[in-house]
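Structure, as structure tokens:
Every number for a ligand or one of its atoms is a count from 1 in the order of the listing.
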Amino acid sequence: MGNRAHEEGQEKQQVPLLTPYKMGEFQLSHRIVLAPLTRQRSYGNIPQPHAILYYSQRATRGGFILTEATGVSDTAQGYPYTPGIWTKEQVEAWKPIVDAVHAKGAIFFCQIWHVGRVSSTVFQPNEQAPVSCTDKGLAPQVRANGVDVAQFSPPRRLTTDEIPQIVNDFRLAARNAIEAGFDGVEIHGAHGYLIDQFFKDQVNDRTDQFGGSLENRCRFALEIAEAVTNEVGAYRVGMRLSPFANFMECADSNPKALGLYMAEALNKYGLLYCHMVEPRMRTVMEKSECPHSLLPMRKAFKGTFIAAGGYDREDGNKAIAENRADLVAYGRHFLANPDLPKRFELNAPLNKYNRETFYIPDPVVGYTDYPFLEETA
Ligand SMILES: Cc1cc2nc3c(=O)[nH]c(=O)nc-3n(C[C@H](O)[C@H](O)[C@H](O)COP(=O)(O)O)c2cc1C
């Protein structure tokens with residue numbers, strides 16, 4: 001072995017993010033996860049052929065990647081051109097995308113999602129009101145580009161009797177994801193969407209068994225976890241949570257208790273992983289100093305723990321080296337650097353992300369045109 005190869009071998013050993021990890025039955029070759037990233041390029045809520053290139057660009061042998069948030073039903077949408085997984089046509093459209101990712105040797109989970117009140121009548125069947133745990137509306141929010149303002153319609157509070165139907169939509173979406181070839185599903189319980197609306201006491205004002213106490217506010221998420229794990233097997237189900245975030249006016253008065261309760265409750269269903277957003281992420285993209293940490297939740301949860309939010313190479317390596325997480329999910333850096341694991345391995349400079357093209361419907365620009373390392377050199 002030449003000196004160079006020897007040195008590279010040594011360098012690799014010093015990069016904790018590039019060490020292998022066994023997540024349940026999935027053998028991962030490194031710990032850099034593609035975070036779920038809504039890209040709004042799925043016209044008619046159907047995943048499009050351009051997603052084949054996008055996801056396979058980010059797939060590596062033994063890497064773990066997540067889809068963008070994917071709607072579980074026709075009431076689950078709140079943004080233009082987000083994909084779904086409730087119709088046969090959508091399932092068929094996902095298949096070539098999944099196949100391409102598998103051809104590169106990656107593990108691919110589908111993030112299943114319901115926006116709840118983060119929607120408006122234009123996204124709803126028959127222009128009906130969006131559904132939520134509450135009928136409290138959401139004030140207009142400035143969009144990610146910092147200019148546009150999103151408007152929301154007042155939601156309709158789900159009756160107790162209607163809740164099993166939504167739980168069932170998640171179950172069917174998970175079944176469909178497996179049918180499409182995904183290796184598993186991630187239940188989206190973060191960022192102010194439907195499940196998070198049930199969790200957080202700023203939003204949940206119910207008086208039935210789905211509101212009030214912490215236990216009651218977590219019931220909806222746990223019924224979904226139970227239904228989904230019964231349907232497809234806990235060994236391929238994860239859940240994403242952001243107890244500390246207040247995105248979409250969805251905050252809790254005791255986020256630590258919420259995070260801990262959920263970490264412990266998910267153990268009961270044997271979930272493969274818990275994917276938690278760092279407390280420093282008060283909204284999806286805004287990082288701020290925060291005295292809290294995910295450590296209590298990391299310790300409480302028995303499966304794989306994925307941390308996300310504001311990580312760079314150094315910070316991610318530190319989290320792995322200090323055993324604060326098993327895996328680290330990268331959002332914006334992975335969006336802009338399709339070869340992020342390679343760049344981290346070489347400690348190469350990163351492409352800068354352009355937030356103006358995060359959500360445009362263009363099938364190429366800001367999507368599949370971020371350069372790989374060889375091209376920049
Ligand atoms: C363009 C964009 C789209 C996002 N879409 C989703 C999503 O669909 N589901 C989700 O759980 N989080 C979503 N997020 C949050 C990211 O997964 C991640 O938690 C966030 O970007 C913070 O991580 P970062 O600092 O590595 O970017 C999105 C973030 C961005 C920037």
For the pair Tyr55 and Trp94, name the ring-plane relationship: parallel under 30°, tilted 30 to 60°, perpendicular over 60°.
-> tilted
Side chains of Asp183 and His102, donor plus acceptor under 3.5 Å | yes
Thr121 and Gln124: side-chain donor and acceptor closer than 3.5 Å?
->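 No, because no side-chain N or O of Thr121 sits under 3.5 Å from a partner of the opposite role on Gln124.
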Give the atom numbers and elements of ligand 1 that come within less than 4.0 Å of a heavy atom of [X].
X: Ala69; result: 8 (O)
X: Tyr330; result: 26 (O)
X: Phe358; result: 1 (C), 31 (C)
X: Thr38; result: 1 (C), 3 (C), 4 (C), 5 (N), 6 (C), 7 (C), 8 (O)
X: Gly309; result: 22 (C), 23 (O), 25 (O)
X: Tyr359; result: 1 (C), 2 (C), 3 (C), 30 (C)

N/O to N/O below 3.5 Å, does that happen between [X] and ligand 1?
X: Gly331; answer: yes
X: Ala308; answer: no
X: Arg332; answer: yes

Output the distance between atom CG (Leu373) and atom CG (Leu346), rounded to the nearest 0.5 Å.
-> 6.0 Å
Looking at OG of Ser132 and OH of Tyr193, how far apart are the two atoms once the value is rounded to the nearest 0.5 Å?
-> 13.0 Å
Heavy atom under 4.0 Å from ligand 1: found in [X]'s side chain, backbone, both, or neither?
X: Arg240; result: side chain
X: Lys287; result: neither
X: His191; result: side chain
X: Gln111; result: side chain

Close approach of Ala190 to ligand 1, heavy atoms, under 4.0 angstrom |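 The answer is no, since Ala190 has no heavy atom less than 4.0 Å from ligand 1.
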shortest atom 30 (C) of ligand 1-to-protein heavy-atom contact is with Leu37 CD2, 3.5 Å
Shortest protein contact, atom 20 (C) of ligand 1 (heavy atom only) | Val284 O, 3.5 Å
Verify whether the ring centers belonging to His114 and Phe220 lie closer than 6.0 Å.
->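 When the ring centroids of His114 and Phe220 are compared, they turn out to be at least 6.0 Å apart.
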Just one of Phe109, Tyr330, Phe26 clears the ring-ring contact (aromatic ring centres under 6.0 Å, His included) bar with Phe64, so which one?
->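 The ring-ring contact (aromatic ring centres under 6.0 Å, His included) with Phe64 is passed solely by Phe109 among Phe109, Tyr330, Phe26.
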Do side-chain atoms of Asn351 reach the backbone of Tyr370 as a donor and acceptor pair under 3.5 angstrom?
->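 A pair under 3.5 Å: no.
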Residues [X], [Y]: salt bridge by 4.0 Å N-O rule:
X: Glu162; Y: Arg157; answer: no
X: Lys95; Y: Glu179; answer: yes
X: Asp326; Y: Lys22; answer: no

Counting heavy atoms only, which of Ala35, Gly316, Pro36 is nearest atom 13 (C) of ligand 1?
->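 Among Ala35, Gly316, Pro36, the closest heavy atom to atom 13 (C) of ligand 1 belongs to Pro36.
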